[in-house]
Chemist: 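Handing you a structure now.
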Protein chains: 2
Amino acid sequence: MPDSSKSAGLPRAESQSSTSSRLLLAAAELFWEKGFSGASTRELSERLGIQKASLYYHIRSKDDLLYEISIRSLDDIQQAVVTALANAPIEGRLQALVHAHLRTALEERHMHATQLTELRSMSEERRSAVLARRDAYERTVIETIRAEQAAGRLRMDLDARYLGLGLLNLLNWTIFWYRPEGPKAIEELADFFCDLYINGAAADR
Amino acid sequence: MPDSSKSAGLPRAESQSSTSSRLLLAAAELFWEKGFSGASTRELSERLGIQKASLYYHIRSKDDLLYEISIRSLDDIQQAVVTALANAPIEGRLQALVHAHLRTALEERHMHATQLTELRSMSEERRSAVLARRDAYERTVIETIRAEQAAGRLRMDLDARYLGLGLLNLLNWTIFWYRPEGPKAIEELADFFCDLYINGAAADR
DNA sequence: GTCTATACTTCGATAGAC
DNA sequence: GTCTATCGAAGTATAGAC
């Protein structure tokens, strides 16, 4: 990886617009539009304005791109949520999680959608590495819910694991229909999901 | 389509185990495992135990398979839900919808997952046809919710459209982690989602 | 309804010059 | 860091016999 800026966990500011800094995002967008197998390196290079062969100065293979997108997607969301949880008031942790998850996932929707749907296109070895990170994040969510139950803020009669999976259902599928140009802003949508998840849809009786 | 049993809306009983009756399900399973573009007609034919070329006696193209899977998936779920709504007691319509949706989607999970993720792999024309059916089903869901609001059983302060999208989030994503061998039966899971969606996760105050 | 054989296309990746 | 040129593999689909 001959990249001077290296991916040393630094915030990806300084959008140098260099080929290598645009590469991951362009690939994620293409994989999202065509699926990993349906996307060709030819089209990717066209979008970057370089020749097909020039791609291989930056990457070793198409597979590597998918792996890096998946890892980065999960690292970003894990980091955003952990930070949000640490900074949230004790009684607002669930809301902080929902906002951080949705904001990160929707702002990087092409990477997240790719990570969520293209596990199948990875080698066994890499799939395991991605799954390990996914499981770690799932545990973060479930443990947050368990703590809210223990604090008396969430129902104890429902299994924390399924409460967590239900919350992830609510959040993850949104990537597939959310449009940034649409009527609802991200924070507004996050508030809506918090309200629905916590208070339910039933009219007061 | 030289198929004597034709797909005349009949219940797909009589599993003759003929090649043509196994074809759609085998294709859906393969598309789900590899993605549409990642799946080869070679592997499909191997799974069916015939030669690659023999496929083309039953289908005109690989694209046709995807289209038929998508249409059938949506027709099945629409029909199951409309029937369930018609037979449900007036105050149990939402529960009937959730059960019918989840049961159909999970029982035919390969077809539904393919329909949900492979819209992008279709021609413009066919994508429109599938989207029209998807929109029609979405309207069925939203109208059911609107009726529940009017009857005073669901909150009026939340937009019926987003309540519908939220419910579909909850149900659709389940396809991606549900395992038939797992601990929770389909009906049990449906009851859980009904409870969570209607009553919310908050502890009683 | 299935076979063998093959035509045609597209793809991922490499070699080597600049 | 990007280019031109090309290789070899794999994919979809067709032709025509049985």
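Per chain, numbering begins at 1; letters A, B, ... match sequence-line order. Since this is a predicted model, take the numbers as computed values, not measurements.
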Chemist: Using a strict cut-off of less than 4.0 Å between a Lys/Arg side-chain nitrogen and an Asp/Glu carboxylate oxygen, indicate whether B/Glu187 and B/Arg103 qualify as a salt bridge.
Modeler: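 Salt bridge: yes.
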Chemist: Would you kindly give the CD-to-C1' distance between A/Gln51 and D/dC3, to the nearest whole Å?
Modeler: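 Spelled out: CD on A/Gln51 to C1' on D/dC3 is 7 Å.
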Chemist: Quick one: A/Arg60 CZ to C/dT14 C1', roughly how many Å, whole number?
Modeler: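 Answer to the nearest Å: 14 Å.
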Chemist: What I'd like to find out is whether the side chain of A/Leu44 reaches to under 4.5 Å of the side chain of A/Leu23, using heavy atoms alone.
Modeler: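 When only atoms from C-beta onward are counted, A/Leu23 and A/Leu44 do touch, with a gap below 4.5 Å.
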Chemist: Please enumerate all protein N or O atoms sitting under 3.5 Å from an N or O of nucleotides 15-18 of chain D, with distances to 0.1 Å.
Modeler:
none

Chemist: Hey, are the side chains of A/Ile198 and A/Arg153 touching, using non-hydrogen atoms and a 4.5 Å cut-off?
Modeler: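 No, every pair of side-chain atoms sits at 4.5 Å or beyond.
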Chemist: Other residues, nucleotides and ligands only: do more than 12 of their heavy atoms fall within 6.0 Å of CD on A/Glu125?
Modeler: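 Counting neighbours around CD of A/Glu125, 12 or fewer heavy atoms of other residues, nucleotides or ligands fall under 6.0 Å, so no.
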Chemist: Expressed in angstrom and rounded to an integer, what is the separation of A/Glu46 atom CD from D/dT2 atom P?
Modeler: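 After rounding, the reported distance stands at 16 Å.
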Chemist: Output the rounded distance in Å from CD1 (A/Ile59) to P (C/dT14).
Modeler: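 Roughly 10 Å, once rounded to whole Å.
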Chemist: Can you confirm whether the side chains of B/Thr140 and B/Gln78 place a donor and an acceptor under 3.5 Å from each other?
Modeler: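 Their side chains do contain a donor-acceptor pair, which is all the 3.5 Å distance test asks for.
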Chemist: Take atom OH of B/Tyr57 and atom C1' of D/dT14, then tell me their distance rounded to the nearest Å.
Modeler: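 Result: 17 Å.
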Chemist: With a cut-off of 3.5 Å and sequence neighbours excluded, list every side-chain donor-acceptor pair involving residues 128-137 of chain B.
Modeler:
residue  : atom : partner  : partner atom : Å
B/Ser128 : OG   : B/Glu124 : O            : 3.1
B/Arg133 : NE   : B/Asp75  : OD1          : 2.8
B/Arg134 : NH2  : B/Gln115 : O            : 2.9
B/Tyr137 : OH   : B/His101 : ND1          : 2.6

Chemist: Can you tell if the side chain of A/Phe176 reaches within under 4.5 Å of the side chain of B/Asn169, non-hydrogen atoms only?
Modeler: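 SC-SC contact between A/Phe176 and B/Asn169 ruled out.
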Chemist: Does D/dC3 have its OP1 or OP2 closer than 4.0 Å to a side-chain nitrogen or oxygen of A/Ser54?
Modeler: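 Answer yes for this pair, as a side-chain N or O of A/Ser54 is under 4.0 Å from OP1 or OP2.
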Chemist: Over how many whole Å does the gap from A/Leu55 atom CG to D/dT2 atom P extend?
Modeler: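 My rounded result for the distance is 10 Å.
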Chemist: Stepwise, does the side chain to side chain contact (heavy atoms under 4.5 Å, CB included) test hold for B/Trp173 with A/Leu168?
Modeler: CA-CA 8 Å; B/Trp173 192 263; A/Leu168 288 172; 5.7 Å; no
Chemist: Closer than 4.0 angstrom, basic N to acidic O: yes or no for A/Arg155 and B/Asp195?
Modeler: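 Looking at A/Arg155 and B/Asp195, the cut-off is met.
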Chemist: Tabulate atom names and distances for all N/O pairs under 3.5 angstrom spanning the protein and nucleotides 8-12 of chain C.
Modeler:
residue : atom : partner : partner atom : Å
C/dG12  : OP1  : A/Ala39 : O            : 3.2
C/dG12  : OP1  : A/Lys62 : NZ           : 2.9
C/dG12  : OP2  : A/Thr41 : N            : 2.7
C/dG12  : OP2  : A/Thr41 : OG1          : 2.8

Chemist: B/Ile50 has an atom CD1; how far is it from atom C1' of C/dT4, in whole Å?
Modeler: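 Whole-Å distance recorded here is 14 Å.
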